[in-house]
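Throughout, residue positions are numbered sequentially from 1 according to the sequence presented.
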Amino acid sequence: MEAPALCRQNISGLASRGFTLLELLVVLLIIGITLSFASLSIGDRGREQAVEQEAQRLAGRLTLAAQEAVLQGKEMALEIRDDSYLFVVLDENEWRALDEDEILRARSLPAALRLKLRLEGESIDLEQKKAAGKSEDVPRIYLFSSGEMTPFELTLMDEYGSNYRIRGAANGKLKVLKLAHESKT
């Protein structure tokens with residue numbers, strides 16, 4: 001009879017002892033690894049989502065500017081730089097920025113985003129244009145009062161390979177396309 005009492009005493013002693021430091025460290029390590037993977041997967045989608053939102057925003061502004069050009073009977077354009085863009089209107093034979101318009105005012109892209117431009121099938125080196133520093137050399141996408149526009153492809157990309165392209169046809173139609181994810185090598 002003494003043996004079972006001894007076993008009960010050892011079992012109850014183990015139950016009140018709790019977890020060892022090693023067991024706690026293993027559990028914390030597992031939680032840390034799980035949270036790391038979760039944050040990495042969410043963070044990557046967050047960056048891609050930011051590129052997509054900026055592409056959709058720019059496409060929406062282009063659509064609005066094209067409609068304004070038709071409604072007002074004025075020629076408009078979108079001036080493109082590698083890290084910003086600006087809408088302008090032809091007013092008395094002079095291009096004037098739409099700074100007073102809250103939606104069509106000049107915009108800078110978030111720091112990690114860059115633009116790449118093809119006008120009428122020709123690649124435009126925006127970084128070279130920026131280095132030259134000539135304001136009259138800034139490439140423009142023209143939005144005509146007839147509803148037509150300069151055919152273009154404008155790619156928004158981040159440093160992690162998330163790319164979205166806005167494609168504009170001569171008839172004024174716009175498309176936003178997600179490009180294949182390119183890894184940076």
*Asks:* Can you tell me how far apart CG (L143) and CD (Q67) are? Round to the nearest 0.5 Å.
*Replies:*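 Reported value, rounded in 0.5 Å steps: 11.0 Å.
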
*Asks:* Rounded to the nearest 0.5 Å, what separates atom CE in M149 from atom NZ in K173?
*Replies:* 10.0 Å

*Asks:* Quick one, E54 and L113 - any side-chain contact, counting heavy atoms below 4.5 Å?
*Replies:*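 Side-chain contact under 4.5 Å: yes.
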
*Asks:* Answer yes or no: are there more than 12 heavy-atom neighbours, outside E23 itself, under 6.0 Å from its atom CD?
*Replies:*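 Buried by this count: over 12 neighbours within 6.0 Å.
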
*Asks:* Going by an N to O cut-off under 4.0 Å, is there a salt bridge joining E79 and R81?
*Replies:*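 Looking at R81 together with E79, the answer is yes, because their closest N to O distance falls below 4.0 Å.
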
*Asks:* Using side-chain heavy atoms (C-beta onward) and a distance below 4.5 Å, is L126 in contact with I80?
*Replies:*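 The answer is yes; the side chains approach within 4.5 Å.
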
*Asks:* Using the side chain to side chain contact (heavy atoms under 4.5 Å, CB included) rule, take L64 and L104 through it: C-alpha gap first, then chi angles, then the decisive distance, then the call.
*Replies:* CA-CA 8 Å; L64 178 65; L104 300 178; 4.3 Å; yes

*Asks:* Can you list the steps and then say if L62 with F87 is a side chain to side chain contact (heavy atoms under 4.5 Å, CB included)?
*Replies:* CA-CA 9 Å; L62 266 165; F87 286 94; 4.2 Å; yes

*Asks:* Is there a side-chain contact between L78 and R140 (heavy atoms, below 4.5 Å)?
*Replies:*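 When only atoms from C-beta onward are counted, R140 and L78 do not touch, as no gap falls below 4.5 Å.
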
*Asks:* Rounded to the nearest 0.5 Å, what's the gap from CD on Q56 to OG1 on T63? Could you check?
*Replies:*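 Reported value, rounded in 0.5 Å steps: 9.5 Å.
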
*Asks:* Are L174 and F152 packed together at the side-chain level, in the sense that at least one heavy-atom pair is separated by less than 4.5 angstrom?
*Replies:*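 Answer yes - side chains close enough.
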
*Asks:* Rounded at 0.5 Å granularity, tell me how far CD1 in I141 sits from OH in Y85.
*Replies:* 11.5 Å

*Asks:* Could you check L117 against E153 for side chain to side chain contact (heavy atoms under 4.5 Å, CB included), going step by step and ending with a plain yes or no?
*Replies:* CA-CA 6 Å; L117 178 64; E153 288 183 353; over 6 Å; no

*Asks:* Mark yes or no for whether R165, through its side chain, and L179, through its backbone, hold a donor-acceptor pair below 3.5 Å.
*Replies:* no

*Asks:* In the structure I gave you, are the side-chain heavy atoms of E120 and E122 within less than 4.5 Å of one another anywhere?
*Replies:* no

*Asks:* Hydrophobic clustering (ILVMFWY, side-chain heavy atoms < 4.5 Å, transitive) - are L119 and L177 grouped together?
*Replies:* no

*Asks:* Does L109 reach the side chain of S84, with side-chain heavy atoms less than 4.5 Å apart?
*Replies:*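 No. Closest side-chain heavy atoms not under 4.5 Å.
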
*Asks:* Side chain to side chain contact (heavy atoms under 4.5 Å, CB included) between E52 and K178: does it pass, once the steps are laid out?
*Replies:* CA-CA 8 Å; E52 179 184 13; K178 180 183 187 302; over 6 Å; no

*Asks:* Side chain of E75, backbone of S145: donor and acceptor closer than 3.5 Å?
*Replies:* yes

*Asks:* Within the 4.5 Å heavy-atom criterion, are L98 and M76 side-chain neighbours or not?
*Replies:* yes

*Asks:* Where do A55 and V176 come nearest, in terms of heavy atoms and distance?
*Replies:*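 Smallest heavy-atom distance, with atoms named: CB-CG1, 4.2 Å.
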
*Asks:* Report, as yes or no, whether the 6.0 Å neighbourhood of atom CG on L25 holds more than 12 heavy atoms from other residues, nucleotides or ligands.
*Replies:* yes

*Asks:* For residues I166 and T155, determine if any side-chain heavy atom of one lies less than 4.5 Å from a side-chain heavy atom of the other.
*Replies:* no

*Asks:* For the CD atom of E92 and the CD atom of E94, what is their distance to the nearest 0.5 Å?
*Replies:* 8.5 Å

*Asks:* Under a single-linkage rule joining Ile, Leu, Val, Met, Phe, Trp and Tyr whose side-chain heavy atoms are separated by less than 4.5 Å, which residues share a cluster with Y142?
*Replies:*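 Besides Y142, the cluster holds L86, V88, L90, W95, F144.
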
*Asks:* Looking at D91 and R96, is there a salt bridge between them, counting it only when a charged N and a carboxylate O are closer than 4.0 Å?
*Replies:* yes

*Asks:* With rounding to the nearest 0.5 angstrom, report the CZ to CZ distance, R105 to R61.
*Replies:* 7.5 Å

